[in-house]
Undergrad: 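My questions all concern the structure below.
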Amino acid sequence: DAGVIQSPRHEVTEMGQEVTLRCKPISGHDYLFWYRQTMMRGLELLIYFNNNVPIDDSGMPEDRFSAKMPNASFSTLKIQPSEPRDSAVYFCASRPQTGLGVSGYTFGSGTRLTVV
Amino acid sequence: AQSVTQPDIHITVSEGASLELRCNYSYGATPYLFWYVQSPGQGLQLLLKYFSGDTLVQGIKGFEAEFKRSQSSFNLRKPSVHWSDAAEYFCAVGANTGTASKLTFGTGTRLQVTL
């Protein structure tokens, strides 16, 4: 199993530009999560999906952030327009339907975003 | 709401010494508890988890953790630390219902190992 795959690994962009982060969850996993990690705030849950449907997006910081999951094998997190305070490492994680306690999450390697 | 507190931001231990990382949680029902490790530039790797049964759980890399309901704690231990254990460690708590499936993470403890 290739694990959770995120792309790109690093992204440097200028303020005001649109940024799209991508995630491929583990095949068969029904839940997908987007987290943001910063020194100041630690790991924050932005949004999660169950069977491609957004369940809780209360962590999405602003309307500039949007996430989609058009099918079971792909999700995107978009920031438009980007700002320097969006600089962080963004993680995607997935888990199967069988239960949180059984499996926990599997994390991708993250995308390090720098907005200059 | 569920929450996790890791009171130690940074810990330094000598290689071969024992280790205990503290974690306290807040959750109204029986929690699911996890410890993850993050090496620099990497994602989070699951070390161990607890959701029922024996309160002492064994994980990978020689780690163990003990669930103490009376203290709302889930401390991580290792009897003899190796230099390769230097990393950041996160405790997490999750709800035990299918609909409320999200994990809440602590702020992490950075472990430094001296030779």
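Protein chains get the first letters and strands the later ones, always in sequence-line order, with residue 1 at the start of each. Small disclaimer: the values here were computed from a predicted structure and weren't measured.
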Undergrad: Roughly how far, to the nearest 0.5 Å, is the CG atom of Leu43(A) from the OG1 atom of Thr104(B)?
TA: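 Answer for the OG1-CG pair, Thr104(B) versus Leu43(A), is 10.5 Å.
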Undergrad: Counting C-beta onward and ignoring hydrogens, is there a side-chain heavy-atom pair between Phe91(A) and Gln38(B) closer than 4.5 Å?
TA: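 Yes, their side chains come closer than 4.5 Å.
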Undergrad: Do Tyr36(B) and Tyr105(A) have ring centroids that are under 6.0 Å from one another?
TA: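 Centroid distance Tyr105(A)-Tyr36(B): not below 6.0 Å, so no.
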Undergrad: Out of curiosity, Phe105(B) CZ to Gln37(A) CD, how far, rounded to the nearest 0.5 Å?
TA: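 It is 9.5 Å, given to the nearest 0.5 Å.
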Undergrad: If you take all heavy atoms of Leu44(B) and Phe107(A), which pair is closest and at what distance?
TA: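 Residues Leu44(B) and Phe107(A), closest heavy atoms: O-CB, 3.6 Å.
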Undergrad: Considering residues, nucleotides and ligands other than Ile60(B), do more than 12 of their heavy atoms fall under 6.0 Å from its CD1?
TA: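 Enclosed.
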Undergrad: Out of curiosity, does Tyr32(B) fall in the hydrophobic cluster containing Leu46(B) (side-chain heavy atoms, cut-off under 4.5 Å, transitive links)?
TA: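 Shared cluster, yes.
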Undergrad: What's the spacing between Tyr48(A) OH and Leu103(B) CG if we round to 0.5 Å?
TA: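 Between Tyr48(A) OH and Leu103(B) CG, I get 10.5 Å after rounding to 0.5 Å.
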Undergrad: Is chain B contacted by the side chain of Gln6(A), its backbone, both, or neither, given a heavy-atom distance below 4.5 Å?
TA: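 Contact with chain B is absent: no heavy atom of Gln6(A) under 4.5 Å.
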Undergrad: Transitively linked via ILVMFWY side-chain contacts under 4.5 Å: Tyr27(B) with Trp35(B)?
TA: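 Yes; tracing contacts between hydrophobic side chains, which count when under 4.5 Å, links both residues.
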Undergrad: Which region of Arg41(A), side chain (C-beta onward) or backbone (N, CA, C, O), has a non-hydrogen atom less than 4.5 Å from a non-hydrogen atom of chain B, or is it both or neither?
TA: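 Neither the backbone nor the side chain of Arg41(A) comes within 4.5 Å of chain B.
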Undergrad: Heavy-atom count check: over 12 atoms from other residues, nucleotides or ligands less than 6.0 Å from Glu14(A) CD?
TA: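 Not buried by this count: 12 neighbours or fewer within 6.0 Å.
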Undergrad: Between Gln45(B) and chain A, with a heavy-atom cut-off of 4.5 Å, which part of the residue counts as in contact: side chain, backbone, both or neither?
TA: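 No part of Gln45(B) comes within 4.5 Å of chain A.
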Undergrad: Are there more than 12 heavy atoms of other residues, nucleotides or ligands under 6.0 Å from atom CG of Asn71(A)?
TA: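 Enclosed.
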Undergrad: Hydrophobic clusters here meaning ILVMFWY residues chained together by side-chain heavy-atom distances under 4.5 Å, can you tell me if Val13(B) and Leu47(B) are in one?
TA: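 Per the 4.5 Å side-chain linkage, Val13(B) and Leu47(B) are co-clustered.
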Undergrad: Do the side chains of Phe63(B) and Phe74(B) join up, straight or via other hydrophobic residues, at under 4.5 Å, putting them in one cluster?
TA: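 In one cluster with Phe63(B): Phe74(B), yes.
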